[in-house]
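Data block below; observations after.
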Amino acid sequence: MNIFVLNAGSSSLKYRLYRMEDHMVLAEGGCERIGIDGRIKYKNHAGFSVREDVSFPDHETAFRKVLAYLTEGDGAVISDLSEINAIGHRVVHGGVRLVHPTRITPDIIREVEDNRDFAPLHSMAQAGVMRLCLKLFPASTFEVVVFDTGFHQTMPPEAYMFGLPYHYYKDYGIRRYGFHGISHSYVSERAAKLLDRDINGIKMVSCHLGNGSSICAIDGGKSVDCSMGFGPVDGIIMGTRSGQVDPTALFYIAKKENLTVDQLSDMISKHSGVLGLSGISSDDRDIEDAMLHGNKQAALTRRIQCYQIRKYIGSYAFIMGRLDVILFTAGLGENSASLREAALQGMENYGVQLDTEKNKATIRGKEGDISKDGSPVRILVIPTNEELKIALDTVKLVENR
Ligand code: AMP
C-alpha cells in the first residue's frame with residue numbers, strides 16, 4: 001500500500017510517499033517560498049535528487065509540480081496517481097471537536113477552515129491542499145487528516161483551563177491545546193516498543209526540543225499535560241519563541257514602546273527565545289559554538305533552557321505521581337548530547353541517572369537508551385518521525401473502513 005503524506009504550511013508544502021509494506025520512502029521533498037517565488041526539492045529512493053527554482057504563485061501550482069515529479073521523467077516512482085492508495089494530511093489545529101485521525105469529507109475541510117483563527121498561518125493552506133487532493137485524485141483514493149493537537153485532547157480540565165473568566169472558554173475555546181502531538185505520540189509508542197513494555201503502565205515525560213519545543217506528560221500512552229498552550233509560544237524558550245512570559249510584562253512593554261498586538265505577537269514569536277536572549281542565533285549549534293568561545297550570553301541562554309526543561313520534567317513527574325521514562329526528540333533533543341547532559345544534572349537522587357558515554361554516542365538519528373544500567377528512570381533518545389506516524393494512522397483507517 002502506498003501512502004502519500006502531506007504537510008502544508010503557509011508558504012510551504014512538505015511531502016513523503018511511503019511504501020507501507022516495508023516503510024520505504026519512495027520519494028520525498030518539499031516546496032518552499034510558495035506565493036513569494038518558489039523552490040522545489042524532490043528525491044527518490046533510487047538516488048534521483050533535484051532542487052529547482054520555479055514560480056509557485058500558489059499551493060496548487062506547487063502541488064501539481066510535485067505530482068509531475070512523482071509520475072513523469074527520470075525521478076518518477078509511480079506511473080499513475082491511482083498507485084497512491086491513500087493520503088494522510090497533517091493539520092496543526094483541530095480545535096475542540098477534531099481529535100482523532102478522520103476520513104476527509106467536504107464537511108471536515110469546512111471545519112478545519114472554521115478553526116482558522118486558532119492557527120491562521122496554517123489552517124487555510126492545509127484546507128486548500130485537502131480540497132486540491134479531492135479534485136486531483138481519483139475518488140477511490142482514501143484521504144485522512146491527522147491533527148497535531150489531537151493527542152492532547154486527553155488532558156484533564158485542570159491541565160487545560162486557564163484562570164480566565166469561564167465564558168472565554170465557552171465562547172471562544174480559550175484553553176491549552178498542546179502541540180507536537182503527532183511527534184509525542186510517535187516517540188512514546190516507539191519507547192514502549194523499545195522497552196518491550198505495555199504503554200498503559202508507563203509514565204513518561206517527552207521532550208520535543210527543536211526549533212519549536214514542547215514538553216509533554218504522558219501517562220499510560222495518553223497526554224495529560226503539555227507545555228505549549230493555546231498557541232505554540234507557551235512553555236520553554238525555543239529558537240525564536242519566548243516560552244512562558246508573565247503577561248503583565250508584555251502589557252508593560254506594549255505601553256512603553258507603543259506596540260500593537262501584532263507587533264507584540266511578532267516580538268514573542270520571532271525575536272525572542274534563544275535568538276532574543278543570546279543575541280547570536282536561533283540555532284543551538286551557534287549557541288554551543290559561542291559558549292566554547294566563552295560567550296556569557298550564550299551560556300546564560302543555555303542555563304535558562306536547561307532550567308526550564310528540568311522544571312517541566314520535575315513538575316510533570318509530580319503530577320503523574322511517578323516517572324518511568326524521559327524521552328528526547330527533534331533537532332536538539334536528538335543531537336545535542338551536551339544539552340541533554342546539562343538539563344538532567346542534579347536529578348540523580350530522583351532516579352534519573354544518565355550514562356554520559358552512551359549519551360555522547362547517541363546523535364544523528366540514532367535511537368537509544370542513554371541511562372545507566374539500573375537507572376530507575378530510563379532516558380531514551382528517539383528520532384521523531386511525524387510523517388511515518390501520519391502514514392501509520394492513515395493505514396489504520398484504510399484497514400478499518
Ligand atoms: P527541528 O525543528 O526539529 O528541525 O530542529 C531544528 C533545530 O535543532 C535547529 O535550529 C538546531 O537548534 C537544532 N539542531 C539541529 N542539529 C543539531 C546538532 N547537530 N546539534 C545541536 N543542535 C542541533
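Remember, predicted model here, so these are calculated numbers, not experimental data. In listed order, ligands and their atoms are each counted from 1.
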Pairs in or reaching into residues 290-316: which pass salt bridge (Lys or Arg N to Asp or Glu O under 4.0 Å), with residues at least two apart or in two chains?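 Sorted pair list: Asp284-Arg302, Glu288-Arg302.
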
Looking at Asp393 and Arg90, is any side-chain nitrogen of the basic one under 4.0 Å from a carboxylate oxygen of the acidic one?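 No, Arg90 and Asp393 are not salt-bridged.
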
Salt bridge or not between Asp355 and Lys372? Use side-chain N to carboxylate O under 4.0 Å.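 Answer for the salt bridge query: no.
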
Short N or O separations between ligand 1 and the protein, below 3.5 Å:
residue: ligand 1; atom: 2 (O); partner: Asn211; partner atom: N; Å: 2.9
residue: ligand 1; atom: 3 (O); partner: Gly331; partner atom: N; Å: 2.9
residue: ligand 1; atom: 5 (O); partner: Asn211; partner atom: N; Å: 3.4
residue: ligand 1; atom: 8 (O); partner: Leu332; partner atom: N; Å: 3.3
residue: ligand 1; atom: 12 (O); partner: Asp283; partner atom: OD1; Å: 3.4
residue: ligand 1; atom: 12 (O); partner: Asp284; partner atom: N; Å: 2.8
residue: ligand 1; atom: 16 (N); partner: Arg285; partner atom: NH1; Å: 3.3

The criterion is salt bridge (charged side-chain N to carboxylate O under 4.0 Å, His left out); which residues satisfy it with Arg64, sequence neighbours excluded?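 Expected list: Glu60.
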
Locate the shortest heavy-atom distance separating Gly229 from Asp234; write the atom from each residue and the value.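 The answer is N-CB, 3.5 Å.
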
Going by the rule ring-ring contact (aromatic ring centres under 6.0 Å, His included), which residues pair with Phe179 if we only count those two or more places apart in sequence or in a different chain?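 ring-ring contact (aromatic ring centres under 6.0 Å, His included) list for Phe179, sorted by chain: His93.
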
